[in-house]
Amino acid sequence: MTSTLRGPALIDGVVSTAEIAIDGDRIAAVRPMRPTDPATPGSEPVLGTICAAYVDLHCHGGGGTAFTDLDPEAAAAAARHHHARGSTSLLASLVTMSPADLLRGVEILADLADDGLVDGIHLEGPWLAEARCGAHDPRLLRDADLREVDRLLLAGRGHIRQVTVAPERERGMELVRHLHDSGVHVAIGHTTATFAQVGQAVAAGADLATHLFNGMDPWHHRTPGAVPALLRAAVHDGVTLELIADGVHLSDDTVRSVVDLVGPSRVAFVSDAMAAAGIGDGPYVLGGLSVVVSGGTARLRQRPGEPEGSIAGGTSHVADLVARQVGAGMALPYAAEPATSSPARLLGLADRGALRAGARADLVVLDPAAKVTRVMRAGRWLA
């Protein structure tokens with residue numbers, strides 16, 4: 001089945017009028033158009049700006065279900081929820097669990113990856129720092145046992161694409177090297193690592209930062225830790241920095257400053273979404289921990305009289321992050337790159353993240369506020 005879309009399109013960082021021919025699940029051709037060029041007969045005019053669909057490196061769930069539910073149907077529903085909202089490619093993220101539950105979660109998600117519903121698995125834990133565990137159960141955090149790691153890699157059947165590690169833990173550097181040698185992207189996160197320890201981890205193969213700033217020691221001018229070390233590594237070593245650009249985890253000024261400092265090609269906007277994404281306020285469970293979402297912010301449930309609980313994941317979609325940054329004054333090409341080509345390139349998804357001939361026909365249509373109005377995945381309209 002073939003079709004041709006016509007309208008403004010974000011191609012190679014520039015918005016201009018173009019025709020995009022779709023043949024089956026692929027983009028067959030992209031033809032820039034001058035104002036005097038005749039339209040292809042039968043082409044469909046698009047109301048809005050056509051952009052490559054989004055790629056989410058870090059997503060725990062949405063639409064009321066989560067990948068951490070350890071239920072195949074719930075996991076599939078969470079993936080489809082994000083597809084329909086513009087993230088047509090994503091990694092399914094698990095949180096810290098017991099060894100048995102983590103293995104079961106990987107087995108379920110490997111089946112989803114086989115079916116093409118997700119593009120890989122992200123293990124966020126259990127090899128994290130207690131002091132920066134956030135919404136991870138501190139009772140289940142542990143030092144790396146390479147026998148457990150290899151069981152997980154075997155169960156993942158090549159689909160474990162990313163693992164978050166606190167490299168300062170016992171055997172942390174050994175874990176970084178082992179994962180890197182196994183072809184897995186190692187992300188530094190939920191960590192109290194020093195500047196020097198981050199440098200050592202990057203030298204050992206780490207190439208990603210899990211939600212920069214969140215789950216890390218604040219940047220102190222006399223005792224620099226993970227944040228400045230990762231910023232430097234983004235500039236000099238090609239490390240990609242995840243940012244949860246939702247106005248809750250980070251201020252818009254912080255997001256803009258990081259993108260300006262390292263460039264959009266070294267940033268990946270991630271949702272870190274949990275089950276509440278697209279649903280709303282109320283009680284939820286994340287990795288066995290009770291979470292309350294209020295005013296769109298998810299936090300661990302605390303007993304009366306206790307201080308406010310840790311932020312427990314996001315409630316937005318990557319599409320919301322792009323629209324928010326455009327609303328805060330960021331140009332659309334600048335805001336879209338961390339949601340499209342940057343994460344696609346990190347994952348080696350050569351046929352995603354850009355509008356070009358041969359790419360999978362994954363695209364979104366954006367209104368003037370950069371909000372998604374239509375979504376196509378593999379040549380089929382989802383919304």
Side-chain angles (χ1 to χ4, degrees), residues 1-22 25-27 30-33 39-40 42-56 59 62-64 77-90 245-247 252 264 269-271 273 276-280 296 314-344 352-356 359-383:
M1 181 177 179
T2 62
S3 61
T4 300
L5 307 177
R6 184 178 77 255
L10 177 55
I11 302 169
D12 295 331
V14 177
V15 177
S16 59
T17 302
E19 285 189 338
I20 300 173
I22 310 295
D25 67 349
R26 297 282 144 180
I27 296 176
V30 176
R31 182 171 74 96
M33 296 182 67
T40 298
S43 62
E44 176 189 350
V46 173
L47 297 178
T49 300
I50 306 167
C51 177
Y54 301 136
V55 180
D56 193 352
C59 176
R80 292 189 177 101
H81 172 85
H82 282 274
H83 294 167
R85 283 150 186 82
S87 296
T88 58
S89 301
L90 72 153
D246 60 0
D252 297 330
F269 288 162
V270 298
S271 69
I279 297 297
T315 61
S316 300
H317 312 91
V318 170
D320 301 319
L321 312 185
V322 174
R324 180 180 181 90
Q325 295 311 309
V326 169
M330 194 178 286
L332 176 60
Y334 208 59
E337 188 171 348
T340 54
S341 59
S342 176
R352 318 284 169 84
L355 298 177
R356 58 173 174 263
R360 198 171 79 177
D362 286 15
L363 57 87
V364 292
V365 179
L366 308 178
D367 71 11
K371 294 183 178 180
V372 170
T373 60
R374 300 182 74 185
V375 179
M376 176 182 286
R377 184 174 192 264
R380 184 171 67 89
W381 289 112
L382 303 183

A.B. asks: For the CG atom of Asp252 and the CD atom of Gln325, what is their distance to the nearest 0.5 Å?
C.D. replies: 4.5 Å
A.B. asks: Apply side-chain contact (heavy atoms from CB on, under 4.5 Å) to His82 and Ser271, showing your working.
C.D. replies: CA-CA 10 Å; His82 282 274; Ser271 69; 4.2 Å; yes
A.B. asks: Could you pull out the closest heavy-atom pair between Met376 and Thr88, with the gap in Å?
C.D. replies: O-CG2, 3.8 Å
A.B. asks: CG/Leu10 to OG1/Thr49 distance, rounded to the nearest 0.5 angstrom?
C.D. replies: 8.0 Å
A.B. asks: Is there side-chain contact between Asp246 and Phe269, with heavy atoms separated by less than 4.5 Å?
C.D. replies: no
A.B. asks: Quick check: does any side chain N or O of Ser43 sit under 3.5 Å from a backbone N or O of Thr4, one acting as donor and the other as acceptor?
C.D. replies: no
A.B. asks: For Pro8 and Gly48, work out which heavy atoms get closest and say how close.
C.D. replies: CD-O, 3.5 Å
A.B. asks: Could you report the tightest heavy-atom contact between Pro338 and Pro264, atom names first, then the distance?
C.D. replies: CG-O, 3.8 Å
A.B. asks: Distance from Ile279 atom CD1 to His81 atom NE2, nearest 0.5 Å?
C.D. replies: 6.5 Å
A.B. asks: Between Arg31 and Thr40, is the side-chain contact (heavy atoms from CB on, under 4.5 Å) condition met? List the steps.
C.D. replies: CA-CA 10 Å; Arg31 182 171 74 96; Thr40 298; 3.6 Å; yes
A.B. asks: Kindly indicate whether the side chain of Arg324, heavy atoms from C-beta on, has any atom under 4.5 Å from the side chain of Ser316.
C.D. replies: no
A.B. asks: Can you confirm whether Arg374 sits close enough to Leu47 that some side-chain heavy atom of one is under 4.5 Å from a side-chain heavy atom of the other?
C.D. replies: no
A.B. asks: Any sub-3.5 Å donor-acceptor pair from Asp362's side-chain atoms to Ala378's backbone N or O?
C.D. replies: yes
A.B. asks: Please find the pair of heavy atoms, one from Val372 and one from Arg85, that lie closest to each other, and give the distance.
C.D. replies: CG2-O, 4.4 Å
A.B. asks: Other residues, nucleotides and ligands only: do more than 12 of their heavy atoms fall within 6.0 Å of CG on Asp367?
C.D. replies: yes
A.B. asks: What I want to check is whether the side chains of Asp56 and Ser87 have a donor and an acceptor closer together than 3.5 Å.
C.D. replies: no
A.B. asks: Going by the side-chain contact (heavy atoms from CB on, under 4.5 Å) test, name the single residue among Leu363, Val364, Ile11 that passes it with Ile50.
C.D. replies: Leu363
A.B. asks: Check whether any side-chain heavy atom of Glu44 sits under 4.5 Å from a side-chain heavy atom of Arg6, and report yes or no.
C.D. replies: no
A.B. asks: First locate atom OG of Ser89, then atom CZ of Arg377, and finally report the distance between them rounded to the nearest 0.5 Å.
C.D. replies: 6.5 Å
A.B. asks: Surrounding CZ of Arg80 (heavy atoms of other residues, nucleotides or ligands, distance under 6.0 Å), is the total greater than 12?
C.D. replies: no
A.B. asks: Which atoms form the tightest heavy-atom contact between Gly353 and Thr340, and what is the distance?
C.D. replies: O-CB, 3.5 Å
A.B. asks: So, for Gly296 and Thr315, which heavy atoms are closest and what is the spacing to 0.1 Å?
C.D. replies: O-OG1, 2.5 Å
